[in-house]
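Below is one structure, written out as structure tokens, with a few remarks after it.
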Amino acid sequence: MKTKTTIILITLFVCELIFFFSAGKIKDIFIQEHLKNETEALRSSYNAGISNARNIANAFYNVMINGNTDILRLFAEAEKASPQRQNEIRKEMYDKLRVIYEQQVKLGLKQLHFHTRDSVSFLRMHKPDEYGDSLTGVRHTVDTANRLVRYTEGFEEGRIFNGFRFVFPLIYNSVHLGSVEISISSVYLADTMNTTAAGIHDFLIRKSVVSSTVFPSEQYNYAQSELSDNYLRENISYEYLQENAAVFGSIEEYLFACEIFKPEVKERMNLGEAFSAHAVINGKEITASFLPISNILDQQVAYFIKMERDNKYRHIINIYKAALLGGSITIFLVFGVVFLALLNSHKTAMLNAVLDEKLKENENQLYIKEQMLFQQSKLATLGEMFSSLAHQWKQPLNILAMYVQNMLDDDMEEEERKRREDIVDKCMAQITFMSETINDFMDFILPSGSVDMKMDMVRTAEEMLKLLNPAMSKKKIDITIDSKGRKSVFASANPNEFKHVLVNILNNAKDAIMDIKEKDKMFVGKINIEIEENGGLCIMRISDNGGGINPEVMEKMFTPYFTTKKKKDGSGLGLYMCKKIMQKHNGDMNVSNSANGAVFEIILPSIKGDGRTNETGTVGH
């Protein structure tokens, strides 16, 4: 027996070593695959942003340049004109394009630049007094467009600004006059990319490119990057980072993260690789993705960088830890069973029965979690679909705005001009409304950064009503909010998860009301959301006049797989998941009946003005 026991212990030790080694290898594979996916996600969002910018540049060129015979005629005249007449032509072109150019700058246009066919600067709309310098050997996109008389695009550093440039040859009466460049900034591209890949986007340029290309008098526009001594950042990019740092936390957190990543990424940036790296900073999982940007000569000259809090990485580590613990326990249990089998076959049989019962229970719990993950996956897929849809909508909205603004003409009669200005104002108001609606939906579907956040219950409820009211109003259901005269009630919760709880409860209330309306067409549905703070707790009560809930049903409402709906209409996990979400935030969720219908009560810990949770703000379960 002693020999057999020794053999079992040695075998147990060997199995543990093999398991730990294998689990570590699998974890490394998953991490590398995840980082590779993050790099490809940044590449995809960059390509989508460039495609969007290309379409806008084409629309601007076709409408304002190629379709404008006055501009082409003036530019053709300039070739053989005297220097004095060239200055007059330059001013006339500037005056004709100034208004629409300034409007497009607000939408993301960075430069509008005309060049002669021998690649000499003729008119820079962003700096009209800077002209006459040769771009040959400096601006290869311009050289190529003029030399081959064809459209050319690519990122390029210029004498004053860099940009993602779209260069069109100019032809008038079958004569090649030169070219015109329409370019957008890295800030505009970063803003566009952020709609499909949320995070904080940064753009860095090789120091050697700036020093060899930009006018010395203009190099003050650049500052040293925190990520690499060989890269610079435009000052305007720093301003963009400050405005958008809330996505990451704060600008100080972002710059500190850059310093942490610097030793790891410095060499790979010098080699011009596309890669992603990970670090834990102040207890937060951070992933930084690096996409090299090349110029038209295929020389790597810049980097697009996306940095974000990475919950997926933490999820992989948690799964790894759980696998180690679960695997170790399993191995010990297996060898324990074998050992006990040697002692007593009867005890082994009893132990197997207990293990079988536990296994069934774990399988049931696993199935519940799989169903919950399936529901969350469907929500994530919906979010990705709408992100793509929102990206596709914004491009035609920008182009539509440009066409509408082009309706105004300096030469028209005053009365006609006023009439068109009124039409333009109304159209732009509608375009702005559509853009804001897209942003509202994006705020709803994009994930928030952490579990416990300072959330304004009143504002969150108002945002949800803004999305749901059109559908509710169509079904003649009135929704009201009563916050007891308070503009804000702050609770500790994740806003997006809380919104999904609200959607679930409001949809259930709508279904109950619609059941009554099928029998009584004149019935008016009412839903009231009451919000208050009491004793360190934030309480939201959602009541309806849908007739209430059967007491037998109420007892089972928060159990998994229980539903009163048809199988195709409900999974039975909605309210169960809602209650779990509230409990995850140290809160709770209850249901009762009033005289007219159901009352759902959501309870969460309140937050003081300084962002700390009240000591009394924990709900017992």
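Along the sequence shown, residues are numbered consecutively beginning with 1.
- Donor-acceptor pairing under 3.5 Å is lacking for the side chains of N146 and D118.
- One distance of note links CD of E285 with CZ of R309; it measures 11.5 Å at 0.5 Å rounding.
- Contact check on E308 versus K306 returns a salt bridge, with a Lys/Arg side-chain nitrogen under 4.0 Å from an Asp/Glu carboxylate oxygen.
- A donor and an acceptor atom, one from each side chain of Y172 and N66, are nowhere located under 3.5 Å apart.
- Q300 contributes a side-chain N or O that, together with a main-chain N or O of A302, makes up a donor-acceptor pair within less than 3.5 Å.
- Under the 3.5 Å distance criterion, the side-chain polar atoms of S276 are matched with a main-chain donor or acceptor of L35.
- Inspection of the Y101 and Q103 side chains reveals no N or O donor paired with an N or O acceptor under 3.5 Å.
- In summary, the side chains of Y222 and N162 do present a donor paired with an acceptor at a separation below 3.5 Å, with no hydrogens or angles considered.
- Although no hydrogens or angles enter the test, the distance criterion places a donor-acceptor pair under 3.5 Å between the side chain of N62 and the main chain of N58.
- Annotation: R459, atom CZ; neighbour count of heavy atoms from other residues, nucleotides and ligands within 6.0 Å does not exceed 12.
- The six-membered or imidazole ring of Y303 lies near that of Y231, with a centre-to-centre distance under 6.0 Å.
- Both tests pass for R90 against the ring of F122: distance under 6.0 Å to the centre and angle within 45° of the axis.
- Between the side chain of S212 and the backbone N or O of V209 there is at least one donor-acceptor pair closer than 3.5 Å.
- Ring centroids of F203 and F164 are separated by less than 6.0 Å, placing the two rings close together.
- Salt-bridge formation is detected for the pair E77/R85: a Lys NZ or Arg NE/NH1/NH2 atom is positioned less than 4.0 Å from an Asp or Glu carboxylate oxygen.
- Classification of K36 and E40 as a salt-bridged pair fails, no side-chain N sitting under 4.0 Å from a carboxylate O.
- With hydrogens and angles ignored, the 3.5 Å screen pairs no side-chain donor or acceptor of R165 with any backbone N or O of T152.
- For R268 and F290, the positive end is not near the middle of the six-membered ring at less than 6.0 Å and at most 45° from its axis.
- D202 and Y238 are not linked by any side-chain donor-acceptor pair at a separation below 3.5 angstrom, with hydrogens and angles left out of the test.
- The aromatic rings of Y151 and F166 sit parallel, their planes meeting at an angle under 30°, below the 60° perpendicular limit.
- For the residue pair S289/T39, the side-chain donor-acceptor check at 3.5 Å is not satisfied.
- Distance check: I160 CD1 to F215 CZ gives 6.0 Å after rounding to the nearest 0.5 Å.
- Listed for the K110 side chain is no donor-acceptor partner under 3.5 Å among the backbone atoms of G163.
- Counting heavy atoms of neighbouring residues, nucleotides and ligands inside a 6.0 Å radius, atom CD1 of I260 exceeds 12 of them.
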Item to check | salt bridge (Lys or Arg N to Asp or Glu O under 4.0 Å) assessment of E181 paired with R139 | outcome: CA-CA 11 Å; E181 168 203 332; R139 295 290 312 285; 2.6 Å; yes

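- Looking only at distances, a side-chain donor or acceptor of Q219 sits under 3.5 Å from a matching main-chain atom of V214.
- R117 places a side-chain N or O within donor-acceptor distance of the main-chain N or O of H176, the cut-off being under 3.5 Å.
- E156 and T141 share a donor-acceptor pair across their side chains, judged by distance under 3.5 Å alone.
- A donor atom on one side chain and an acceptor atom on the other are not found under 3.5 Å apart for H201 and D191.
- Looking only at side-chain heavy atoms (C-beta outward), F75 and V180 stay at 4.5 Å or farther from each other.
- A donor-acceptor contact closer than 3.5 angstrom is absent between the side chains of H115 and S121.
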